[in-house]
Amino acid sequence: NVRLTPSARRIELKLVRFDEINENQYLEYILEWEKANETIIPGASDRKGRSFIEMIEKWKANESRHMYQEGKVPSTLYFLTENDRIIIGSLDFRYELNEQLLVHGGHIGYGVRPTRRREGNCSLMLKTFIETIRDKNISRVLLTCDESNIGSIKTIEKCKGILENTIEINGKRVRRYWIGIK
């Protein structure tokens, strides 16, 4: 018999589409955010009182051209999972930029559950996603973050983000970065 110590266990992290997670995974993930009483980032993963089935339908609708009618752009939500069980974080990819997203929001929004921060999960999630879109017709993506969000600044810069500028929005300083894809 071989006993596995925690350090000897194999940990597999994967980035999966929203339709590859189950209700229990999602509820466990989102409840942690809600109990922490934090703004859920990205907003696309926030259930706002919806059931899991309603969330799946919402995420499917978010991928459609119908989003233009709401003044938004189509997007796809991904989740970073550990060993196909635990959701660590989520990433929302917006296929294009509208006027608002060009200023604040960008192509990609991401967040990691409160208990799994400062482990490199955001960087891993972002790097993995950028690799998956290399063969798409996308030359670069915009990411933004508040100037006070040191973790996000480090993540974006670690993923080769180039600071274009810092702007003020509603009294907050926002940094705008571009990451080259090709």
* Got a salt bridge between Lys35 and Glu32, using NZ or NE/NH1/NH2 to carboxylate O under 4.0 Å? -> no

* Asked: Is there a donor-acceptor pair closer than 3.5 Å between any side-chain N or O of Asp46 and the backbone N or O of Lys48?
  -> yes

* **Any side-chain heavy-atom pair of Arg47 and Glu34 under 4.5 Å** => yes

* **Flag side-chain contact, heavy atom, 4.5 Å: Glu157 against Tyr177** => yes

* Note, Lys172 side chain near Asn170 side chain (heavy atom, < 4.5 Å) -> no

* What about the rings of Tyr26 and Trp59, do their centers lie closer together than 6.0 Å? -> yes

* Compare all side-chain heavy atoms of Tyr29 with those of Ile86 and state whether any distance is below 4.5 angstrom. => no

* Asked: Side chains of Asn121 and Glu119: do they bring a donor and an acceptor to under 3.5 Å?
  -> yes

* **Side chains of Asp92 and Ile108 in contact at under 4.5 Å (non-hydrogen atoms)** => no

* Heavy atoms from other residues, nucleotides or ligands near CG of Asn37 exceed 12 (cutoff 6.0 Å) -> no

* To do: Could you tell me whether the side chain of Ser45 and the main chain of Pro42 form a donor-acceptor pair under 3.5 Å?
  => yes

* **Check against salt bridge (Lys or Arg N to Asp or Glu O under 4.0 Å), Glu63 and Arg17** => CA-CA 12 Å; Glu63 293 183 307; Arg17 279 174 43 97; 2.7 Å; yes

* Using only heavy-atom distances, determine whether the side chains of Thr128 and Tyr78 contain a donor-acceptor pair under 3.5 Å. => no

* Check: Cys145 and Val174 side chains under 4.5 Å, non-hydrogen atoms -> no

* Is atom CD of Glu12 surrounded by more than 12 heavy atoms (other residues, nucleotides or ligands) closer than 6.0 Å? -> yes

* Asked: Is it true that Lys14 and Asp84 make a salt bridge, defined as a side-chain N closer than 4.0 Å to a carboxylate O?
  -> yes

* Asked: Can you find a pair of side-chain heavy atoms, one from Phe93 and one from His107, that are under 4.5 Å apart?
  -> yes

* To do: Check the pair His104 / Gln100 against side-chain hydrogen bond (donor to acceptor under 3.5 Å, both in side chains), numbers first and verdict last.
  => CA-CA 6 Å; His104 186 253; Gln100 178 186 343; over 6 Å; no

* **Greater than 12 external heavy atoms within 6.0 Å of Arg134's CZ** => yes

* Side-chain donor or acceptor of Arg175 paired with backbone N/O of Asn165 under 3.5 Å -> no

* What's in the same ILVMFWY side-chain cluster as Trp178, cut-off under 4.5 Å, chained through other members? -> Tyr68, Val73, Leu97, Leu101, Leu102, Leu142

* N/O donor-acceptor pair under 3.5 Å between Arg117 side chain and Val112 backbone -> yes

* Got Leu13 and Leu80 here, is their nearest side-chain heavy-atom distance under 4.5 Å? -> yes

* Asked: Any sub-3.5 Å donor-acceptor pair from Thr144's side-chain atoms to Arg176's backbone N or O?
  -> no

* Near Glu96 CD, under 6.0 Å, is it more than 12 heavy atoms from other residues, nucleotides or ligands? -> yes

* Asked: For the side chain of Gln25 and the backbone of Arg85, is there at least one donor-acceptor N/O pair under 3.5 Å apart?
  -> yes

* Check: Ser152 side chain, Asn149 main-chain N or O, donor-acceptor pair, under 3.5 Å -> no

* **SG on Cys122 to CZ on Arg116, rounded to 0.5 Å** => 11.5 Å

